Every structure is written in structure tokens, then in C-alpha cells.
A.B. asks: 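The structure is given below, and queries will be raised subsequently.
Just so you know, ligand 1 is whichever comes first in the structure, and atom 1 is the first atom listed for that ligand. Since this is a predicted model, take the numbers as computed values, not measurements.
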Amino acid sequence: MADNVGNKDAKSFSENIPFSNNGGYHVKGASNYDWGMKDRLSRIFNPKSGNTVMLAFDHGYFMGPTSGLERLDLLIPELAEYADCLMGTRGAIRSSVPTTYNKAIALRASSGSSVLQDDLSHESMVVDIDDSIKMNASAIAIQTFIGADGQKETIEALNKAVNLGSKYSIPTMGVVAVGKEMERTNKFFLLATRMLAEFGVQIVKTYYCDEFEKVASACPVPLVVAGGKKVPEKDALTLAYKSIQGGAAGVDMGRNIFQSKYPREMIQAVNKVVHEGYSDTEAYEFFENMVN
Ligand code: R5P
């Protein structure tokens, strides 16, 4: 390991120069993967736009039935056709998502704490790779707490997932966690996203931040941006727009879709931004026209 003294801060990100090792494949950093891995990534990332709308509904794995997610069996059928990928737990997906949708699945495979605790940072890989294969997962998602108490165990869980995922060509999505003690600065996200990519994940889920372009530029695999807590629809569409403009390859959005009064219309507006090049203003007009 390089010593930690006298390091120079990174500063030359070449944000305007496209990633150079893509060999014609539409997923960033994936040109050297094998066929099975690319096939799964192509189910998540639309080959035309290169992007993905992931619908996140895995919150119950540590929060229980939060607002909007009380009845997955009713919610998912309403929204699934507008999602490229469904992100959930095996329990939620097996029990409540019809097999006929044939959507990509980002399977939440880490767990270990609950909202009843102060410190949520202790997670391990709890879903066997065998069960991920049985679920036909297009990716397995592992939460990693960089800079928090659970850093070592979650890095180990992430690397275990990458090892097993590589064996069976199942992409790992590293989820950058932000605990309540953790700063949401571009310095933190530069560190965390790059660390996860260097551990070998094929996708990084992160949050939007100032100078997001640098974060995206320095991460050699696609970033998908979480929606975060519920905000007005216009603001959530602005977040999606700024993320795509900044170099994200999609969103992994939950509450800003399923807690909207109009979730079906909201996910369609998000699609316009992610796949069709709409600005946030255009997408919000589209949303308003549908709900009024
Ligand atoms: C958190 O529990 C999960 O990782 C969610 O999948 C993620 O935070 C995205 O959901 P939201 O858009 O509600 O933040």
C-alpha cells in the first residue's frame, strides 16, 4: 500500500473526454467482460440510450413497510413496465413481482442491521450466489460503508460478491452508503466510488454531489444515482437531469417515485430524462400534462 503522507490531491479529471476503453460496447468499462456479464448488463442498461431507470423498492430490508411500499404486490405491477431494472430483496421479488415481467433484477444481497439501531453500517453478504442464480439476477447489490465503523466487513462482503459474481458472470452493484455521520462531499464520493470500482464492481450506486462530473469521470464503471428522500417532483427531475448531464448512466430511484402522488406518471417523466434527452423542465411539463 502506498504511504499516506504527502499525497497530491487528484485534479486532472478530463471530464470532457469520453472514457476511452469501450470498444463499441455501451456500458462503461465493460468491453473486456465475457458474454454472460455483458448480456446481463445489457438487460440493465438500455443499449440505445446506454442508461437505466432502476426502480428501487428494497427499503423494507432494514426499515420495514415505509410509506409507498406497504403493498408491493399492488405497486410493482403499476410501475414495472416503465423500469429497466427492479431493485429489491429476494423476499419482495419472489412474493410480489410476477415472473412474466421479465425485467432485469438488481438483487439486494447485503443486510445486517435495522432502523432500531443507531449504527447501520454492519452488513454482510447474506444471499448465496446460488440463490441469486436461481432468481436470474442481472446484478447483486452490496452496500459498502466507506469511512464508517463497518468499513472492513462491508468491503469484505463486496469483494466476496465480486469474486462469486465473476465466477458466474453476474455483475455486482456496489452501493455507496451514507450513514448519518458521513459527509456528502464530492471528496467523499470521489473516494468511495473509485474504491468500489477498483474492488471490481461492474456498477456503482451513489448520490449526486457538487462537481459530480469529476466523480463520474474518475469512476471507470457506470454510476447510477439514488433519488434520496422525497422532494417535489420538479426537484427530483432536476436531480435526474443533473446526474445524467454530469455523466451518470441512470438513476436508482425509489421514494421520489413511489411516494409521489402520481408514481406512474413520475416514473414516465424520469424515463424521458434518462432515455430521451429531456431537460428537467421538459420532463416536468410532460409530468404536469399527464396529471392535470
Ligand atoms: C436504500 O435503502 C436503498 O439502497 C435504496 O435502494 C436507495 O437509497 C434508492 O432509493 P431512494 O431513491 O429512495 O433513495
Side-chain angles (χ1 to χ4, degrees), residues 44 52-70 72 75-76 79 82-93 97 103-117 120-123 125-127 137-146 148 150 154 157-158 161 172-180 182 184 189 192-193 196 201 203-209 223-233 235-244 248-260 263 266-267 269-271 273-274:
I44 298 172
T52 188
V53 173
M54 257 184 215
L55 174 64
F57 54 92
D58 58 329
H59 307 59
Y61 94 92
F62 72 105
M63 297 171 84
T66 48
S67 171
L69 294 185
E70 295 90 346
L72 292 170
L75 179 79
I76 304 306
L79 303 181
Y82 304 109
D84 301 293
C85 181
L86 303 174
M87 182 187 185
T89 60
R90 58 182 169 182
I93 293 168
V97 178
K103 292 284 174 182
I105 297 292
L107 184 63
R108 161 65 69 174
S110 66
S111 177
S113 43
S114 78
V115 280
L116 298 178
Q117 297 161 279
L120 293 172
S121 73
H122 299 278
E123 293 204 356
M125 182 176 176
V126 293
V127 176
S138 296
I140 45 181
I142 303 284
Q143 186 123 298
T144 313
F145 289 81
I146 303 301
T154 56
L158 185 78
T172 299
M173 181 162 80
V175 176
V176 175
V178 284
K180 58 184 175 186
M182 293 148 80
R184 292 187 178 220
F189 289 117
T193 57
L196 270 50
V201 304
I203 310 166
V204 174
K205 194 200 97 175
T206 187
Y207 290 85
Y208 186 77
C209 61
L223 296 180
V224 292
V225 173
K229 69 177 182 187
K230 175 76 177 74
V231 293
E233 281 80 1
D235 295 346
L237 292 168
T238 298
L239 172 77
Y241 177 68
K242 284 162 79 175
S243 300
I244 298 296
V251 294
D252 181 26
M253 194 173 271
R255 288 164 287 181
N256 278 292
I257 293 172
F258 62 70
Q259 290 181 349
S260 169
M266 183 58 183
I267 193 171
V270 171
N271 261 275
V273 172
V274 171

A.B. asks: Please could you name the atoms of ligand 1 that Ala56 approaches to less than 4.0 Å, counting only its heavy atoms?
C.D. replies: 6 (O), 9 (C), 10 (O)
A.B. asks: Taking all non-hydrogen atoms of both residues into account, name the closest pair between Ala141 and Val175 and its distance.
C.D. replies: CB-CG2, 4.1 Å
A.B. asks: Check ring pair (Phe, Tyr, Trp, His ring centres under 6.0 Å) between Phe57 and all other residues, then give those that pass, not counting sequence neighbours.
C.D. replies: none
A.B. asks: Which of these, Gln259, His59, Lys205, has its nearest heavy atom closest to atom 8 (O) of ligand 1?
C.D. replies: Lys205
A.B. asks: Identify, by atom number and element, the atoms of ligand 1 in contact range of Arg255, meaning under 4.0 Å from any of its heavy atoms.
C.D. replies: 11 (P), 12 (O), 13 (O), 14 (O)
A.B. asks: Among all protein non-hydrogen atoms, which one is nearest to atom 12 (O) of ligand 1, and what is the separation to 0.1 Å?
C.D. replies: Gly254 N, 2.8 Å
A.B. asks: Where on Met63 is there a heavy atom closer than 4.0 Å to ligand 1, on the side chain, on the backbone, on both, or on neither?
C.D. replies: neither
A.B. asks: Look at ligand 1 and say whether Asp252 reaches it with a heavy atom at a distance under 4.0 Å.
C.D. replies: yes
A.B. asks: Under 6.0 Å from the NZ atom of Lys230, do we count more than 12 heavy atoms belonging to anything else shown?
C.D. replies: yes
A.B. asks: Any N/O of Met87 closer than 3.5 Å to an N/O of ligand 1?
C.D. replies: no
A.B. asks: Identify the protein heavy atom lying closest to atom 2 (O) of ligand 1, giving its residue, its atom name and the separation to 0.1 Å.
C.D. replies: Phe62 CE2, 3.2 Å
A.B. asks: What part of Arg108, side chain, backbone, both or neither, has a heavy atom within less than 4.0 angstrom of ligand 1?
C.D. replies: side chain
A.B. asks: By number and element, which atoms of ligand 1 are closer than 4.0 Å to a non-hydrogen atom of Tyr207?
C.D. replies: 8 (O)
A.B. asks: What's the shortest heavy-atom distance between Gly174 and Leu158, and which atoms?
C.D. replies: CA-CD1, 3.8 Å
A.B. asks: In terms of residue, atom name and distance, what is the protein heavy atom nearest to atom 5 (C) of ligand 1?
C.D. replies: Asp58 OD1, 3.2 Å
A.B. asks: Kindly give the heavy-atom pair with the smallest separation between Leu86 and Ile76, and that separation in Å.
C.D. replies: CD1-CG2, 4.3 Å
A.B. asks: Where's the contact between Phe57 and ligand 1, heavy-atom distance under 4.0 Å: side chain, backbone, both or neither?
C.D. replies: neither
A.B. asks: With a cut-off of 4.0 Å, which atoms of ligand 1 are near a heavy atom of Met253?
C.D. replies: 12 (O)
A.B. asks: Can you see whether Tyr207 has Arg184 sitting over its ring - NZ or CZ less than 6.0 Å from the centre and within 45° of the normal?
C.D. replies: yes
A.B. asks: Can you confirm whether the side chains of Glu233 and Ser260 place a donor and an acceptor under 3.5 Å from each other?
C.D. replies: yes
A.B. asks: Which residues satisfy the ring pair (Phe, Tyr, Trp, His ring centres under 6.0 Å) test with Tyr241, sequence neighbours excluded?
C.D. replies: none
A.B. asks: Side chains of Arg255 and Lys229: does their closest heavy-atom pair fall under 4.5 Å?
C.D. replies: yes
